[in-house]
2 protein chains.
Amino acid sequence: MSLRHAVLGLLTNRPASGYDLMKLFETSLAHVWSATQSQVYGELGKLADGGLVEVSAEGPRGRKEYAITEAGRSELHRWLTEVEPVRTRRSDSLLRVFFLGELTRVEAKTYLLTEAERSAQQLAGLKEAESAIDWGDDPISVHGRLALEYGKRLSAMHEEWARWAAEQLAP
Amino acid sequence: MSLRHAVLGLLTNRPASGYDLMKLFETSLAHVWSATQSQVYGELGKLADGGLVEVSAEGPRGRKEYAITEAGRSELHRWLTEVEPVRTRRSDSLLRVFFLGELTRVEAKTYLLTEAERSAQQLAGLKEAESAIDWGDDPISVHGRLALEYGKRLSAMHEEWARWAAEQLAP
DNA sequence: CAACTCATGTAAATGGTTACATGATTCG
DNA sequence: CGAATCATGTAACCATTTACATGAGTTG
């Protein structure tokens with residue numbers, strides 16, 4: 001149930017509409033938590049029903065801006081401090097590695113080297129984002145930078161591993 | 001739809017019952033792809049309906065052993081070579097990092113250092129598994145070792161990052 | 001005024017989790 | 001003979017994705 005806490009967390013920074021939140025999911029939270037438009041609007045409705053957020057302003061085109069309530073903030077705190085993070089690891093790209101024996105050596109190597117290449121590109125993208133983003137000093141920017149560093153380290157590790165793995169395949 | 005390919009992939013090694021597959025998901029594929037008992041039995045039924053697997057033997061207690069068919073093998077090959085891996089990254093523990101500003105410095109540091117500790121333990125667990133496992137020379141063991149190395153590198157990276165991040169928090 | 005962006009919502013389908021339900025065989 | 005393990009399945013619920021549906025305001 002992290003979607004609901006992602007929404008609550010984003011709203012701690014400033015009030016936002018469903019549309020605004022969508023953009024945050026696509027930018028700041030890309031690589032960390034994805035959400036679709038229907039999920040966001042649906043969750044905002046449920047959070048409002050539960051009193052964890054409230055409509056703080058209405059704008060043109062039916063825009064509804066939501067703000068987190070005290071109850072919402074307290075629920076977020078409870079989640080952060082008392083709920084064990086869910087670690088359901090699922091990696092499509094790593095699952096495939098188990099079954100590389102079904103491929104020829106060339107196909108398997110191609111798979112791993114493509115993985116390496118993609119990681120390298122991802123790392124480049126993250127570095128570019130890092131310098132392009134106008135980092136604020138709000139809490140989410142500060143901690144978002146920690147997460148971005150994680151992404152950089154992960155991409156680098158992934159690339160190195162994939163190149164290593166490609167070399168392990170019998171020649 | 002990787003569950004179905006995970007099942008097909010496991011069956012390339014040898015025929016297996018739903019019960020056998022469950023154990024494989026809990027051991028070899030733990031950390032890579034998780035599946036529940038209902039999923040496995042359900043998927044085996046659908047795969048059999050589609051002709052991608054077939055019942056190859058029946059045993060005591062209603063045991064049904066499934067084997068992959070030629071159609072199944074070809075579908076697995078298609079998935080490995082033609083289908084782009086799905087990368088929907090979702091990490092509960094990293095999502096929390098964005099919202100550490102809601103916590104006190106002590107709480108936030110505790111969170112990160114607990115993450116570091118868990119990663120260290122995970123690395124230890126993987127190293128132990130590595131030496132305890134009776135590695136066969138079947139293709140899944142060979143490639144499973146590559147995946148295990150990935151897990152080791154990931155745990156080590158995660159631990160280092162979490163310790164680094166804890167130090168970045170304003171003193 | 002056309003194209004684009006902003007903006008919200010619902011419906012159907014799929015994928016995944018939890019809980020329920022049952023029973024046979026083996027091992028100590 | 002009791003406990004553990006082997007073995008299969010269904011039902012209800014929750015989370016996620018994809019597709020549909022609509023329209024207001026802004027910008028060139």
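It should be emphasised that the depicted structure is a prediction, and the values quoted were computed from it without experimental measurement. In what follows, chains carry the letters A, B, and so on, assigned in the order in which the sequence lines appear, proteins first and then strands, with residues in each chain numbered from 1.
- Residue contacts shown for A:S38 include a base, since a base heavy atom lies under 4.0 Å away.
- What separates CZ of B:R90 from P of D:dC14 is a distance of 18 Å, to the nearest Å.
- In terms of phosphate contacts, A:Q39 brings a side-chain nitrogen or oxygen within less than 4.0 Å of OP1 or OP2 of D:dT17.
- For the pair B:Y111 (side chain) and B:S93 (backbone), a donor-acceptor distance under 3.5 Å is present.
- For the pair A:D92 (side chain) and B:P85 (backbone), a donor-acceptor distance under 3.5 Å is absent.
- Taking atom CG on B:L21 and atom P on D:dA7, their separation rounds to 12 Å, with Å as the unit.
- Distance from the side chain of B:Y19 is smallest for D:dC6 among the nucleotides D:dC6, D:dT16, D:dT10.
- Rotation axes derived from the C1' atoms of the five outermost pairs at either end of the helix from C:dC1-D:dG28 to C:dG28-D:dC1 lie 30° apart, to the nearest 10°.
- Considering all non-hydrogen atoms of both residues, B:M22 and B:Q37 come closest at SD-CA, 3.4 Å.
- The environment of B:R87 atom CZ is dense: over 12 non-hydrogen atoms of other residues, nucleotides or ligands sit within 6.0 angstrom.
- Among D:dA19, D:dG25, D:dT17, the nucleotide with an atom closest to any side-chain atom of A:P60 is D:dG25.
- Pairs of residues two or more places apart, or lying in two chains, that qualify as side chain to side chain donor-acceptor pair (under 3.5 Å) and include a residue from residues 39-58 of chain A are A:R4-A:E43.
- A salt bridge links B:E149 to B:R153: one of the charged nitrogens lies within less than 4.0 Å of a carboxylate oxygen.
- Taking every heavy atom of both residues into account, B:L146 and A:W161 meet most closely at O-NE1, 3.0 Å.
- Each of B:R61, B:K23, B:R63, B:E65 was checked for a side-chain hydrogen bond (donor to acceptor under 3.5 Å, both in side chains) with B:S17, and the lone residue meeting it is B:R63.
- Spacing between atom CD of B:E26 and atom P of D:dT5 amounts to 13 Å, rounded to whole angstrom units.
- With the nearest nucleotide of DNA chain D identified for both A:M1 and A:G62, A:M1 has the one nearer the 5' end.
- Think of the region where chain A sits on DNA chain C: with heavy atoms and a 4.0 Å cut, that region ends 5' and 3' at C:dT5 to C:dT17.
- Atom-to-atom, NZ of B:K46 to C1' of D:dT10 comes out at 13 Å; the value is rounded to the nearest Å.
- For A:R61 and D:dG25, the shortest distance from a side-chain N or O to OP1 or OP2 is not below 4.0 Å.
- As a whole-Å value, the separation of A:L47 CG from D:dA15 P is 12 Å.
- Taking the six-membered ring for Trp, B:F99 and A:H5 have ring centres at least 6.0 Å apart.
- The CG-C1' distance, from A:L3 to D:dT17, rounds to 13 Å in whole Å.
- If you measure from atom CD of B:E65 to atom P of D:dC6, you get 15 Å, rounded to the nearest angstrom.
- One interatomic measurement links the two molecules: NZ of B:K23 to C1' of D:dA7, which rounds to 10 Å at whole-angstrom precision.
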